[in-house]
Amino acid sequence: MPAAEAAIINQFEYDLWSHPDGALAPPPYGLRIDGIEWYATGGASGGNSDAWTFDFDHPLAEMRAVYTVNDGVNDDTFRIFGTAIGGRDISGTNYDGPPVLVDIDFTYTGFDGQNDFHDPEIHVNDGAGQASTKGMGTITFQQQTFGIQANTTVNLLAFANGSGNLFNFDVDPAPGHRLNGYCGGANPPAYCGMPVGWGWLALADANFNPHTAYHTSFQDFIFVSNKVPVPEPTSLAMFGTMLGTFSLASWIRRRKKSR
């Protein structure tokens, strides 16, 4: 008999924003993938350390994450998805040419979060210093840019640092994960006090083979978040009452017309 699917206990949804303290900002970014031009073109263009950054804050960008808590062991998921905008970065001044839109869809699996029902805390781990299928996804270029053709999709894998850590999502992780200088004062950004996400990546072949993945020191997610509000139970109840009233009124009107 096939194994029963895990039941969803809870879900959390977040808007994602560029981290203000990226090493190549400005422009700001929530994802950096050095070497992607070199990798996507088979080494035909770009260098294997060409710097590419992707902004989550731009008006044309819309990035979200959904953290799903399941009822099994090591079966929670964290999906990062949406549209970002970016390009080849010229060392913190601007993009080398017009920025392009990209579609991102990446999911971490094989972990159990902590404090699931309050402030989620996620740490995904695997073997140190290697790519891992515990994080898999894609980035697709909507337009042509340099040697990368429109609709080119590049596969991504998670990559573990020297301690075996792939990805973290944590509320105010000590020492604030570089947010301390931005979240003081009278008008702190909306994401202050919400989780920061950071984790390392590698460029992968068509089969997502960890053993042939390409990784540099600057391929990583680094973003801040803002939790998407969940409707209050009273609001849901009122909506249900209104829906029921509307349905009843519609039924009465239909009955009158049929007489």
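Given the structure is predicted, the values throughout are model-derived calculations rather than measurements. Heavy-atom basis, side chains included; hydrogens, waters and symmetry copies ignored.
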Engineer: Give a yes or no answer on whether the side chain of N10 reaches the backbone of V69 with a donor-acceptor pair at less than 3.5 Å.
Structural biologist: no

Engineer: If two hydrophobic side chains count as joined below 4.5 Å and joins carry through other members, does F146 share a cluster with Y95?
Structural biologist: no

Engineer: If the threshold is 4.0 Å, N to carboxylate O, is there a salt bridge linking E13 and K227?
Structural biologist: no

Engineer: Any side-chain heavy atom of N207 sitting closer than 4.5 Å to one from N155?
Structural biologist: no

Engineer: Are L203 and Q219 side-chain neighbours, meaning at least one heavy-atom pair lies under 4.5 Å?
Structural biologist: yes

Engineer: Mind listing the closest non-hydrogen atom pair of D76 and N70 along with its distance?
Structural biologist: OD1-N, 2.9 Å

Engineer: Yes or no on side chain to side chain contact (heavy atoms under 4.5 Å, CB included) for Q114 and H123, after CA distance, side-chain angles and deciding distance?
Structural biologist: CA-CA 9 Å; Q114 304 173 41; H123 304 287; 4.0 Å; yes

Engineer: Hydrophobic cluster mates of F81, side-chain heavy atoms under 4.5 angstrom, ILVMFWY only, any path?
Structural biologist: V66

Engineer: Taking atom CE of M194 and atom CG of D15, what is their separation to the nearest 0.5 Å?
Structural biologist: 10.0 Å

Engineer: With hydrophobic residues grouped by side-chain heavy-atom distances under 4.5 Å, do I104 and V124 end up in a single group?
Structural biologist: yes

Engineer: Less than 4.5 Å apart, side chain to side chain, heavy atoms only: is that true for R88 and T145?
Structural biologist: no

Engineer: Under the side-chain hydrogen bond (donor to acceptor under 3.5 Å, both in side chains) rule, collect the residues that match up with N48, sequence neighbours excluded.
Structural biologist: none

Engineer: Take F106 and F221 through the ring pair (Phe, Tyr, Trp, His ring centres under 6.0 Å) test and state the conclusion after the steps.
Structural biologist: CA-CA 11 Å; F106 193 94; F221 284 115; 5.6 Å; yes

Engineer: Can you see whether Y14 has R64 sitting over its ring - NZ or CZ less than 6.0 Å from the centre and within 45° of the normal?
Structural biologist: no

Engineer: Under 6.0 Å between ring centres, would you say that holds for H19 and F223?
Structural biologist: no

Engineer: Would you say the side-chain atoms of D103 pair up with the backbone N or O of T140, donor to acceptor, closer than 3.5 Å?
Structural biologist: no

Engineer: Please report the shortest heavy-atom distance between R32 and A23, naming the atom on each side.
Structural biologist: NH1-CB, 4.2 Å

Engineer: Grab the two heavy atoms, one from T107 and one from T77, that are nearest each other, plus how far apart they are.
Structural biologist: CG2-CB, 4.2 Å

Engineer: Could you tell me if the side chain of I139 sits less than 4.5 Å from the side chain of I33, heavy atoms only?
Structural biologist: yes

Engineer: Set out, in order, the CA-CA distance, both residues' side-chain angles and the distance that settles side chain to side chain contact (heavy atoms under 4.5 Å, CB included) for I222 and H177, then state yes or no.
Structural biologist: CA-CA 10 Å; I222 176 67; H177 206 77; 3.6 Å; yes

Engineer: Tell me which pairs pass side-chain hydrogen bond (donor to acceptor under 3.5 Å, both in side chains) where either residue lies in residues 184-200, with sequence neighbours left out.
Structural biologist: none

Engineer: Quick one: are I80 and L16 in side-chain contact, heavy atoms under 4.5 Å?
Structural biologist: yes

Engineer: Please tell me whether N165 and N125 have a donor and an acceptor in their side chains that are separated by less than 3.5 angstrom.
Structural biologist: yes

Engineer: Quick one: CG on L156 to CG on L201, what's the gap to the nearest 0.5 Å?
Structural biologist: 6.0 Å

Engineer: Kindly write out the residues that satisfy side-chain hydrogen bond (donor to acceptor under 3.5 Å, both in side chains) with D126, not counting sequence neighbours, or none if the list is empty.
Structural biologist: S132

Engineer: Would you tell me whether D34 and T216 have side-chain atoms, one donor and one acceptor, within less than 3.5 Å of each other?
Structural biologist: no

Engineer: Within the side chain of T138, is there an N or O that forms a donor-acceptor pair under 3.5 Å with the backbone of T153?
Structural biologist: no

Engineer: If you take all heavy atoms of N226 and A190, which pair is closest and at what distance?
Structural biologist: ND2-CB, 3.7 Å

Engineer: Taking atom OG1 of T41 and atom CD1 of I148, what is their separation to the nearest 0.5 Å?
Structural biologist: 7.0 Å

Engineer: Same cluster for L157 and I122 if Ile/Leu/Val/Met/Phe/Trp/Tyr side chains link at under 4.5 Å?
Structural biologist: no

Engineer: Enter the distance from D75:CG to T68:OG1 here, rounded to the nearest 0.5 Å.
Structural biologist: 10.0 Å

Engineer: So which pairs with a foot in residues 143-220 pass disulfide bond (SG atoms under 2.5 Å apart), sequence neighbours left out?
Structural biologist: C183-C192

Engineer: Taking all non-hydrogen atoms of both residues into account, name the closest pair between D89 and P27 and its distance.
Structural biologist: OD2-CD, 4.0 Å

Engineer: Does the side chain of F56 reach to within under 4.5 Å of the side chain of T83, using non-hydrogen atoms?
Structural biologist: no

Engineer: Can you confirm whether P99 sits close enough to N94 that some side-chain heavy atom of one is under 4.5 Å from a side-chain heavy atom of the other?
Structural biologist: no

Engineer: Walk me through whether L179 and D21 qualify under side chain to side chain contact (heavy atoms under 4.5 Å, CB included).
Structural biologist: CA-CA 8 Å; L179 276 181; D21 200 25; over 6 Å; no

Engineer: Has E62 got more than 12 heavy atoms of other residues, nucleotides or ligands less than 6.0 Å from its CD?
Structural biologist: no

Engineer: Membership question, hydrophobic clusters at under 4.5 Å side-chain separation (ILVMFWY): are L24 and F54 in the same one?
Structural biologist: no

Engineer: Out of curiosity, L60 CG to Q142 CD, how far, rounded to the nearest 0.5 Å?
Structural biologist: 9.5 Å

Engineer: Evaluate the ring pair (Phe, Tyr, Trp, His ring centres under 6.0 Å) criterion for residues F78 and F111: first the C-alpha distance (whole Å), next the side-chain angles of each, then the deciding distance (0.1 Å), finally the verdict.
Structural biologist: CA-CA 9 Å; F78 190 87; F111 67 92; 7.5 Å; no

Engineer: Using the ring-ring contact (aromatic ring centres under 6.0 Å, His included) criterion, which residues pair with Y29? Sequence neighbours excluded.
Structural biologist: none

Engineer: Taking all non-hydrogen atoms of both residues, which atom of A202 and which atom of F159 are closest, and how far apart?
Structural biologist: CB-CD1, 4.1 Å

Engineer: Counting N and O atoms only, with roles assigned by atom type, does the side chain of D112 sit under 3.5 Å from a partner on the main chain of N74, one being a donor and the other an acceptor?
Structural biologist: yes

Engineer: I want to check something: taking the side chain as every heavy atom from C-beta on, are F169 and S225 in contact at a cut-off of under 4.5 Å?
Structural biologist: yes

Engineer: Would you check if the side chain of Q143 reaches a backbone N or O of L101 as a donor-acceptor pair within less than 3.5 Å?
Structural biologist: yes

Engineer: When you look at CZ of F218, are more than 12 heavy atoms from neighbouring residues, nucleotides or ligands closer to it than 6.0 Å?
Structural biologist: no

Engineer: Check the hydrophobic clustering (I, L, V, M, F, W, Y; side-chain heavy atoms under 4.5 Å; chains of links allowed) and say if F167 and Y67 are grouped together.
Structural biologist: yes

